[in-house]
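The residues of the chain are indexed from 1 along the displayed sequence.
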Amino acid sequence: MTRRYFGTDGVRGRVGKAPITPDFVLKLGQAAGRVLRRNSANGQATVLIGKDTRVSGYMLEAALQAGFSSAGVDVVLCGPIPTPAIAYLTRALRADAGVVISASHNPYHDNGIKFFSAQGTKLPDAMETEIEDEMDRGYECVQSDELGKARRLDDAAGRYIEFCKSTIDAKVNLKGLKILVDCANGAAYHIAPAVLHELGAEVVAVGNTPNGLNINDGVGATHTENLSRLCAENACDVAISLDGDADRLIMADATGHVYNGDELLYVIVCDRLQTQRVDGVVGTLMSNYGLEKRLGELAIPFVRAKVGDRYVVEQLKLNDWLYGGETSGHILALDRQTTGDGIVSALQVLAAMSKSGKTLAELTADLTLLPQTLINCRLPDDYDWENDRNFSQTVEECRCEVEGRGRVLIRKSGTEPLLRIMVEADDPLFAKSLAERMAASLSARA
């Protein structure tokens, strides 16, 4: 099943270039609207629309609203709000679908469109293909008396804040904790600090002054190089870093350690083990072997899905399991939320710290991760890296050299025009040298 526009996380690209243009987004909204009405029991549909803080969100929101309205679909506008908030609100309001205008961790000049089903999950591949096929029909507006209406949900943020708080036991509070939260100048800028404050924490917020152009700019979950320093300088117990649409979480402490998605998933799983059985955990091709090994020691099955939280969710549902995630910080706790949620995941970790009285370092002391080196190579659009003989030969040589000590993973990004080269090995210098050797062997580099 080949999709033309949808990648691993919706439709994404550079603003002003296909497919992220007003005319395309209008057609996308109209096509999605027709599909939703066709699959609706009564032929009617309502859609929620949220967005992050990119300046292009205004333009794309208007185009998307026009597309849905012209297909006879009612629209509820939620304004700037985290991606997982739309997943929750779509379920809570019994809407037919939710849409988020966001390019997640990408720079401001990119944007994208993500869809959620009525159940608060990413749309299945088959439905995305159906929407693409519907776009081939071209523009087709309903009669004036059938046009969809639009309204704003003024308390969208407040509803989501209350939901986040409800995902930890009411007996747990964060009093006594001083927490630094980096909002990436993104969708959680007005929500994450409020959630933590209302649960009793002393909060220091950074990356909470969006201007439409500074989302993910040196801040957030993809720029954690200063997170531990900021945590120490502000005398905080722990630091939380979200990405632009707040579905990703990275944490740090004042000692200089940054905790990735594998480590945070481990903390959550171990916390659940105190009160219940954990049948299994899903990671991805990028998940550290150290996590798989440690879970095995705890007699917890571990399987790997393709990269992308949608595929982690698919494997979780296939196995009827609850917990999974990605090294990058997408963490799934399906007993709390239907999709990756940075704020909810952070609360699960903070609750584990509060209940145990332990620091993050203590909670992860028995988890040893293998060193990884990841190099992102930007390549020309017309470059066929899979048939680059020099690169293929180098990759094979490196795989032979690392056998028994680690692994090599080569994959094309589903959200950016990048080739990702990852080496995992028992020696960080060895891993770094192999990754650099493979990157240098590429015949074409942008």
Side-chain angles (χ1 to χ4, degrees), residues 6-7 9-16 19-26 28-29 32-33 46-69 73-90 92-93 95 97-116 120 122-123 148 150-161 183-192 207-217 219-221 242-248 339-343 415:
F6 286 91
D9 199 14
V11 181
R12 190 177 298 188
R14 188 76 174 244
V15 175
I20 308 302
T21 60
D23 58 329
F24 177 90
V25 171
L26 186 149
L28 177 64
T46 299
V47 171
L48 269 65
I49 299 179
K51 60 182 180 179
D52 63 24
T53 56
R54 296 163 210 268
V55 66
S56 57
Y58 296 101
M59 174 181 73
L60 299 178
E61 180 185 55
L64 197 58
Q65 177 186 332
F68 279 120
S69 178
V73 173
D74 290 336
V75 172
V76 179
L77 299 170
C78 299
I81 199 165
T83 288
I86 290 296
Y88 161 69
L89 290 169
T90 299
L93 296 176
V99 187
V100 180
I101 303 166
S102 174
S104 190
H105 59 280
N106 288 26
Y108 80 93
H109 50 65
D110 291 338
N111 217 327
I113 311 293
K114 310 180 191 185
F115 288 84
F116 285 94
K122 300 285 178 68
L123 289 187
R151 66 181 177 89
R152 292 202 170 273
L153 185 64
D154 293 328
D155 62 343
R159 290 178 184 234
Y160 177 60
I161 288 170
C183 304
N185 289 320
Y189 76 97
H190 57 317
I191 291 176
N208 62 330
T209 55
N211 61 15
L213 306 178
N214 61 359
I215 188 171
N216 301 313
D217 186 8
V219 289
L242 307 169
D243 65 339
D245 70 334
D247 64 354
R248 184 184 293 201
T339 190
D341 190 318
I343 297 175
T415 59

Report task. For the pair F6 and L28, evaluate side chain to side chain contact (heavy atoms under 4.5 Å, CB included) and give the outcome as yes or no after the intermediate values. Result -> CA-CA 11 Å; F6 286 91; L28 177 64; 4.1 Å; yes
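- No hydrogens or angles considered: a donor-acceptor pair under 3.5 Å links the side chains of S56 and N111.
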Report task. Go through the steps for D9 and K122 under the test salt bridge (Lys or Arg N to Asp or Glu O under 4.0 Å), then give the verdict. Result -> CA-CA 8 Å; D9 199 14; K122 300 285 178 68; 3.0 Å; yes
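- A distance of 3.5 Å separates CG of N185 from CG of N214, quoted to the nearest 0.5 Å.
- Nearest heavy atoms, P82 versus A246: CB-CB, 3.7 Å.
- Of all non-hydrogen atoms in A150 and Q65, the two that sit nearest each other are CB-NE2, 3.4 Å.
- H105 places no side-chain N or O within donor-acceptor distance of the main-chain N or O of G220, the cut-off being under 3.5 Å.
- Across all non-hydrogen atoms, the minimal contact from T90 to G98 is OG1-CA, 3.3 Å.
- Side-chain contact between I86 and C78 is present, with at least one heavy-atom pair separated by less than 4.5 Å.
- Note that the CD1 atom of I49 and the CZ atom of R152 stand 9.5 Å from one another [nearest 0.5 Å].
- Residues V15 and R54 fail the side-chain proximity criterion, which asks for heavy atoms closer than 4.5 Å.
- Going from atom NZ of K51 over to atom CG of L64 covers 11.5 Å, rounded to the nearest 0.5 Å.
- Among all heavy-atom pairs drawn from A95 and L48, the shortest one is CB-CD1, 3.4 Å.
- Annotation for A187 and T53: closest pair N-CG2, 4.2 Å, computed over non-hydrogen atoms.
- Checking side-chain atoms of N216 against main-chain N and O of G244 turns up a donor-acceptor pair under 3.5 Å.
- Residues D247 and T339 have side chains not in contact (no heavy-atom distance under 4.5 Å, counting atoms from C-beta outward).
- Between the side chains of D341 and Y160, at least one donor N or O lies within less than 3.5 Å of an accepting N or O.
- Taken to the nearest 0.5 Å, the CG atom of D52 stands 7.0 Å off from the OG1 atom of T83.
- For the residue pair N106 and R12, the shortest heavy atom distance occurs at OD1-NH1, 3.4 Å.
- Counting only heavy atoms from C-beta outward, the side chains of I101 and V25 never approach each other to under 4.5 Å.
- Every residue meeting the side-chain contact (heavy atoms from CB on, under 4.5 Å) condition with A66, not counting sequence neighbours, appears here in chain and number order: L26.
- To the nearest 0.5 Å, atom OH of residue Y108 and atom CG of residue L213 are 5.5 Å apart.
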Report task. Show the numbers, then the answer: is there a side chain to side chain contact (heavy atoms under 4.5 Å, CB included) between V76 and L89? Result -> CA-CA 10 Å; V76 179; L89 290 169; over 6 Å; no
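- Between atom OG of residue S102 and atom CG of residue D110 there is a gap of 10.5 Å, rounded to the nearest 0.5 Å.
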